[in-house]
Each structure stands twice: as C-alpha cells, then as structure tokens.
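Below is one structure; the comments refer to it alone.
Just so we're on the same page: letters track the sequence lines, and every chain starts at 1.
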Amino acid sequence: MKKFVYLILAVVLMGVFAGCGSATPETNVEKAAETVVVEKEAEVTATSEPQESVTLTYLASQEWIRDAEMELAKQFEAETGIHIDFQIVPSDQYFNVLTTKLNTGEATDIFGGQSGKTDIKVLYDVEKNAVPLTNEEWVQRMDPLSVDQVSLNDEVYGLTIWDTTGGSWVIAYNKQIFADLGLSVPTTYEEFKAINQAILDAGITPIYEPVSDGWHHVLWFPEIGPDYEAANPGLAEALNANETKFADVPIMQEALQQLQEMYELGYFGEDALSNTFADTEKAMASGEYAMTVNRLALGEQVEAAYPEVSADTFGYFVMPLADNQIWNVNPAAPSKFIYSGSKNIDAAKAYFEFLTRPENLQYFLDNEPAFTMLSFEGLGVELSPEQQAFINTYTKQGTVYQTAVNYVNPQWMDIGQDLTAMFTDAASPEDVLKNIDQRRTDMAEAAEDPAWK
Amino acid sequence: MKKNKLRMKNTIYPSYFVFGALVLYLLFLLVPGVMGFYYSFTDWSSYSTDVHFVGAENFYRIFFDSSRHYTVYIKNTVIFTVVTIILKTVIALLLALLLTSGIKRFANLHRAIIFLPAVLPLLVVGLVFKSILHPSTGILNLFLRTVGLDFLAQRWLVDVDWALFSVIGVDTWKGVGYLMVILIAGLQAIPNDYYEAARIDGANALQALWHITLPLLMPAIMVVTVLNLLYGLKVFDIVWVLTNGGPGYATETVYTAVFKDFSKGYYGIATALSTMLFVIMVSFGYFVIWLMHKEGTDF
C-alpha cells in the first residue's frame, strides 16, 4: 500500500512539474514564442480621424520589415485608421515560431515567409493557412518569376516586395583595402584564398561572417547552385526526381571543404560565431573587415548608416567557392501572406493594395538603401557604377539551389546548424551533405512526394 | 485539551474528498499523457492528415540513428542536469550555512541580493549574459585581459567545449538563490538544543555539520534535488536564449529538440521524445521520493 502511495505521489509530482511538457509541447512553445517576440509598433501619426479601429498583426523575421515599409504603414494608418502591429522575431528563431503559430492555429493576420514552391507548400501549407490573392490587381504588375514562387496550383498566395535581382547575395569588398594591398577580384578559389591570406597578413580580418544568426553562413553553399548545375547539367532536376543525392555530388563536397578551410584558416575572424548580421554596416564601415557576403547594395546600406563612408567604397564579385563565376539569382524572396484564420482579411488586403500602389512602391525603392530594384514593373531604377560593373562582368546567370531544388530552403536553419558543427569540427562536409539528404527524405516522405515512393 | 488535539490528529477524512482533484488531474494530466504515449508510436505530422502506427520507429530514431543527433541531446541534458544539481546544491548549501550561522550583519540583505537573479526575467538574463560573455567585447573577457589573465579568456558561448558549461554557469547563478532560501528554511528548523548538546560533548563545527546539520537537513536537500532534477531534465529556456542549441549541436537538449521538431511539424517524434523524458522523470522522481522516505525514517 505504501509503495502505491509513493508511486501516486511520484506521478503527481512529475505531473505538476513536467506533465505539461510531455503531452502538450505547445505550452513551452508558446512561452518561447511570446518571449522572443519583440513588438515594434508603427507610431500613430494620423492626420485625419481614423475611420475604424482595426489593428492588423504582422509577424516577420528580423530584416524583413524595412524602415521604408514602417513609414508606409504609418501613412496607411493615417489614411485608413488601420494600425499595423509589427511583431519582429529574431531570425534564428523565426521559422520555429511561425510554423508553431501556424500549426497551433494562432498565426497573426499577416505573416512573412520566404517564397519558393516547396517552402510555401511544405513549411507554410499556404493552401490551408493563407488566403488566395489571385484576383488582386497588383498580381498583374508583380514580376512573373516572383509570382510563380508564391503560387501553388494556379492560385497566388503571397505578395513579394523585394529586390530579387539586385538582391543577389554576392561578396562586397572594400576597394580601398584591395588597392592598398595590390589585390584584384578573384576568379578561382585559389586566387580567393591568396587574397584572404594577404589581407589577414596585413592585420585585417578578411571576411565579416555573422554566423550567430544561424542563416547567413548558409548562403555560401546553396547560393552557388548555378555552379553545381554547370558542372553537372540537369543536377537540380535529378535531385528533385530523387535520382541522385547531395552526398554523391563531388563539387558540393569541394565547396564545403573550401568553406571549412576558410574558417579554419581564420579568414572569418575570431568572433565569427558571435557576429550578428545587424552589425554588418558597422563592421564594414569600420574598415576592420575587407569583405562580406551581402546584397548588391551593401555600399548604399553602409552609406545610409554611416554617411562618412561613401557607397562607392565597395565593389562586388560572386562567391568563388568551387571556382564559381556565375551570377546567382533567386526569384524567391521574403513575402507577405494573409492568414486564412484572420478576422481582418479585407483590412490586410487593403494594406497590400496600399503598399503596391506605384507611388508607394517607388517611395519604398527610393528610401530603401539595400534595394536597387523591386519585383514590380514600371519603377524608375538607378544603378551605381559598382553595381553596373558587376552586372557587366557576370553575364551568365543561374537560379540558386534553395529555389531550384526541393526541400532545401525549408531546412535552411538546420543546414546552418550543420555548418556551424562543421566549423567546430563536430561534423565533416560529408556529414553535412548526408544530413541534408536525410532531411530531404524525411520531408518528401512526410509530404508523400511520388519521387520518394 | 490534550485529548482534543489527539482526536484532531487521528481524524480520518472520507475518500471522496479527493475526487475533485483526481478528476482534474486525470482530465488535464493523465489523459493527455496517455494520449501522448500513443502518439509517440505514430508518424503524426503536419505534412499529412493521416496518422499511421509505426511501432517503435520514433524510438529507434532517437536512440540508434546517430545521424539525427538525439543521443547527443540526451547526453547534453544529462550533463546539464547532473552538473547543475551538484553545483547549485553545494553552492546553495554553503551560502545558506554562511548566512544563517556565519555572517550575521545584514544577513537578510545578503539573502535578498543572492535571491534577486531568481526573479529576473529569463530573456533579460539571456541578453545580458550574451553581452557579458561575448568573446571580444564582453566584460568578462575584457576584465580577464585587463588583469593579465588572458589565458582564461574563452569564447564562452561559441566554443563547443565551453558552451554547455557556460550555460550551466549562468543557470547556476540564476537558480542558486532560490535553493538557498529553501535550505535556509531547513536550517532554521533545526533546534539549537542539538548543537548545544554536541558542544557539551566536545564536538567541533565540522562534526556538528556532519552529524547534526546534514542529516536533519536531508529532507530539504532532497526537495532541492528533486526540483533540480526535474528542472534540469526539462531545461529549455536558458539554452534557448543563450545559444539556441549551438554552436552546432553543442548545447541542444531534449526539450529544445522537442520544440524544434514540433515546430517543423514532426509531432510523432517530438511526442516520443517528451514521452521518453516523462518516463525517465517518473522513474527518477519515484526513486528519489522512495529514498527520501527511507532516509527520513532512519533519523
């Protein structure tokens, strides 16, 4: 009898302290989601009396809501009385928080998500979670390639206002440091390595690599997908048909080995694992770093934050891992979706309509230093000489692998974790590729993809 | 009067008094627990509306599929639990002894200061310590370098060899005050007569500690251990705010994995992981309470 009493006592105690964790992981999940959300409300600057008091909640990852959009949200509120409550989540936790909210049916009115066929199907399940926007007027003006990345079974689900062409991730380099050390733009990995070594020897950290965000260092691998494709024509198709695996592609292994070598040789500096993407402009303006992977408009971004540093300080070249010389283009980009469970669908549609008015798109482009063009037609675009030089140099383009190959982008943060493990010798390049294959298989099987049957 | 007291003590209450609590307990804890147990044997996920019974496949993945790293998460959780139990209990005990029989002046103020981290929001603690432990700009390394102890300056949160122990360190700092308060309460409950008798018998301070304080404090130590054990096994938040499981998989624990798997929509394996932990916690908890009772009757 006594034993029975102890057993009951033990179970009750465990129940009180742990039971909620066992059967309802949501409890912890929600708590975490709540703690990481930093609310960033657009201030009210109403010039006219609000007509109705609707508040649209909008969940997005850090960096996805640009300052220009915050300004437009204020104007939208002044015009309609609809307030936008931006909820910004740190990028390393964003997908966990978003998918948790979607899975528990508690998403915000509008949610941000990376577009791309597999993402919108596998990660966000837009057919269930998002409102179709096919009949909205602005869809006709959106770049068809971008429209395709937010469409599923002939329905359009998202709005992409992003620089999908000029927004390519490339290496921005400090021209002054290169000139001082007599360096020129590399065309092979060996040349790139020699440049890094020369910069390191001069007492400057060659590359600012913000690993701590969990996503940035991943760019090095799938962004040079066009190079893998050039070396193995039809590779993306074969991967999507499950006829080959990442681990079986030698050039991918080569690229990862080179990335690992760069980390080990100290080209990313001592603090790479603690560096954050938000500090990029500061780091590059300081002159303590010579290069960083960023969009084709880093110069303008740095100048906007540090006016004493001119935008033309920086030039651009493609990431030369595995001797890549092809311009990586990604038609997929951070996009906006309206949650199907929202009570304010019309208000959210009105917000999208407001943002996509030609004058507002132009305002967005003119006031967003990181963007040189937008995924909408009919806007005035001005390229700097450095951007023009890049475009003139790299005439060959290709689609990045996170978009060309299924089930890659949804595991972006996992690849980030694998690569960090590789940097710290807890995993090898082969392990990273095998893990990618494994997760692709898991996702494809769970999604009952015919190619995996 | 004496008789009345005795009668009060021996009163037996009817068993239906417990029914209300039992129903709530069954409905909100036991039934979901059993359901979780069932789902841990299925492939329940957000990708498909069908739920198939897959036998022990989820558990096979957890324990035998090394490419999925679950065994690393379990190892990290065990290390975290064992080390924090030892560190927190020993430090809390030392502080409790110091602040009950050592330092008398401003004892309450010291207690309050040591207890303070326990009431700080975890997110704040995470942000503050991320900044303190930054390898080049954090004040800990700056301090070490300033006083010439460069060799002690580490990449606290981003070095695979240090990250878990840094998290343990921060957690100990935050949690030790709370345990100290429990132990102080235990210490204050020990009658002074025992110490006086021991002194008359010629016992020194160490002998008094060993033969009087520790045995009589054992129930409080057990409570502290059980609390620590449960907290340690289900640790999540401190890891989440400090390292998010990184660098690589160096600080990933069972519950961060549950959270990540759940948010990816793999409910089956996430439930299997928490079920596994539930079983472990019930077994350990039962063992500790049994031990506590056994020890308790000895004295």
Close side-chain approach of F59(B) to F41(B), heavy-atom, < 4.5 Å: yes
Does a salt bridge link K453(A) with E445(A), judged by any charged N lying under 4.0 Å from a carboxylate O? no
Any sub-3.5 Å donor-acceptor pair from T205(A)'s side-chain atoms to I207(A)'s backbone N or O? no
Please state whether the side chain, the backbone, both or neither of D425(A) comes within less than 4.5 Å of a heavy atom of chain B. neither
Could you go step by step and tell me if W412(A) and Q114(A) meet the side-chain hydrogen bond (donor to acceptor under 3.5 Å, both in side chains) rule? CA-CA 11 Å; W412(A) 192 273; Q114(A) 180 77 13; over 6 Å; no
Is D65(B) paired with R68(B) through a side-chain N to carboxylate O contact shorter than 4.0 Å? yes
D418(A) versus chain B, heavy atoms under 4.5 Å apart: side chain, backbone, both or neither? both
With a 4.5 angstrom heavy-atom cut-off, could you sort out which part of D431(A) is near chain B: side chain, backbone, both or neither? neither
Region of Y39(B) in contact with chain A, defined by heavy-atom distances below 4.5 Å: neither
With a 4.5 angstrom heavy-atom cut-off, which part of M443(A) approaches chain B: side chain, backbone, both or neither? both
Segment of Y267(B) engaging chain A (4.5 angstrom heavy-atom cut-off): side chain
